[in-house]
Asks: 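This is the structure I want to talk about, given as structure tokens.
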Amino acid sequence: KIGEIADREKINAYVIGGFVRDLIIGRRNLDVDIVVEGDAPSFAKKVAKELNGKLHSFEKFKTATVTLPDGFRIDFASARTEIYRAPGALPEVDTAPLKKDLFRRDFTINTLAIKINGKEFGKLIDFFNGLKDIKEKKIRVLHALSFVEDPTRILRALRFAVRYRFDLGKHTEKLLRIAVKKNLFRTVEGKRVYLELKHIFEEENPLRIVNRMKEYGILKSISSGIIWDKRKKDFFERIRKVINWHKLTFGNRKKVNYPIIYFAAFLEGIHGKELEKLLKDFSIPEKEVDLIKNLIYRGKQLLKTLEKEKLKNSEIYNLLKSEPDELTLYIAAKTDKEKLRLKLLDFLGEWKEMKLAITGRDLKETGLKPGPVFKKILKTLKDKVIDGEIDNVYDELKTEA
Ligand code: ATP
């Protein structure tokens, strides 16, 4: 359909990048990127109209996003032809805008395109041997200055390598080592490093990526204070497990910031002042900074109490009930005490979700006068249920009353 619109508008359109890569590898990918050799926002507008989608355009960048009624997202970009040329410059004859656009990308596996209009519909366009590299399972940069141009690609290379179980190409690995040695990371805007780290923590297995970062000496160029020892690795592995448990238990019903749990664990152990500086350098949104600090500091404090004292279930419940799920997951993963971990997961999966079968109305029916005492009674009852001290709240209610 989009191809037909392109035909009618007489411009070429291509599906490119990650979607094509994942199509060939056989991995699910719900984000489609389309490049048009023309004006993307006005093209996207026509697509949105015909497919009943919602349109968001960014005129300044000549990009647009269309979200279809079923939630499917399509990003549109313009192949950079004359758009960014300085005013007054001579018009160039641009023979291969698409190729030029793809040449800016990070790795060959991300440079594949499929034409979706005209007689060549469905044709795979492969300027930089991306298909061969997918078959050989190699991550390769497009040119020798790639990591210098943008050092965040160092992180991206390791992320893709771990995700697809690909190796770095020999030359690419050499270039990566040189870039790390030159400490190029220091030149990158902190915010971009943070965003790439967050992408890493959104992956299925961040532990393996951070292991590779350590191998290549990248951790110390992010911050000299980052601790990566056996304890931290075990911590990461358990985070993966408690997150998987949480996803299985709640599906999409709860909005939880999973990557932030890894991020806090990653930074845990860095000293106060250094941590403050790092959080500032990364330009992390304030809300996330608060959450990270809450996990690290409050997490440490809570865990001390939880590990040392033998608390009743209801005491654990009252300690954690107003805290975000991220914090409970963080401490559930941090402790090496298996029994405590299971209790904390019980708290999240059961106690926190539990609704008492009786309400204030039931209390009224017993003849009690409404007042602050109601709250107290209900709380006592809930604590008793959580502690397994009562089976039937109605029977208990009679005695309590
Ligand atoms: P994912 O499956 O993680 O979403 P993706 O390939 O779609 O992978 P994005 O980070 O969404 O990754 O980037 C979209 C495309 O933009 C990539 O395919 C990549 O080619 C390009 N890209 C992103 N970041 C860079 C970068 N730092 N340098 C060059 N190209 C980049």
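Both counts, for ligands and for their atoms, begin at 1 and track the order of listing. All values below were derived from every heavy atom in this structure, side-chain atoms included, with hydrogens, water molecules and symmetry-related copies excluded.
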Asks: Salt bridge or not for E307 and K304, using N-O below 4.0 Å?
Replies: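 K304 and E307: not salt-bridged.
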Asks: What does the list of residues with a heavy atom under 4.0 Å from ligand 1 look like, ordered by chain and number?
Replies: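 For ligand 1, the contacting residues are G18, R21, R104, R105, D106, N110, D150, T152, R153, R156, R159, F160, R163, R192.
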Asks: Do F160 and F166 have their ring centres less than 6.0 Å from each other?
Replies: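 No - the distance between ring centres of F160 and F166 does not fall below the 6.0 Å cut-off.
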Asks: Sort and list the pairs that fulfil ring-ring contact (aromatic ring centres under 6.0 Å, His included) and have at least one residue in residues 340-361, not counting sequence neighbours.
Replies: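 Qualifying pairs: none.
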Asks: Scan residues 299-323 for pairs that pass ring-ring contact (aromatic ring centres under 6.0 Å, His included), counting only residues two or more places apart or in two chains.
Replies: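 Output for this query is empty, none listed.
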Asks: Which residues satisfy the ring pair (Phe, Tyr, Trp, His ring centres under 6.0 Å) test with W245, sequence neighbours excluded?
Replies: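 Partners of W245 under the ring pair (Phe, Tyr, Trp, His ring centres under 6.0 Å) test: none.
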Asks: For a side-chain contact (heavy atoms from CB on, under 4.5 Å) with I270, tell me which candidate from I296, L279, I227, L278 qualifies.
Replies: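 The single option meeting the side-chain contact (heavy atoms from CB on, under 4.5 Å) with I270 is L278.
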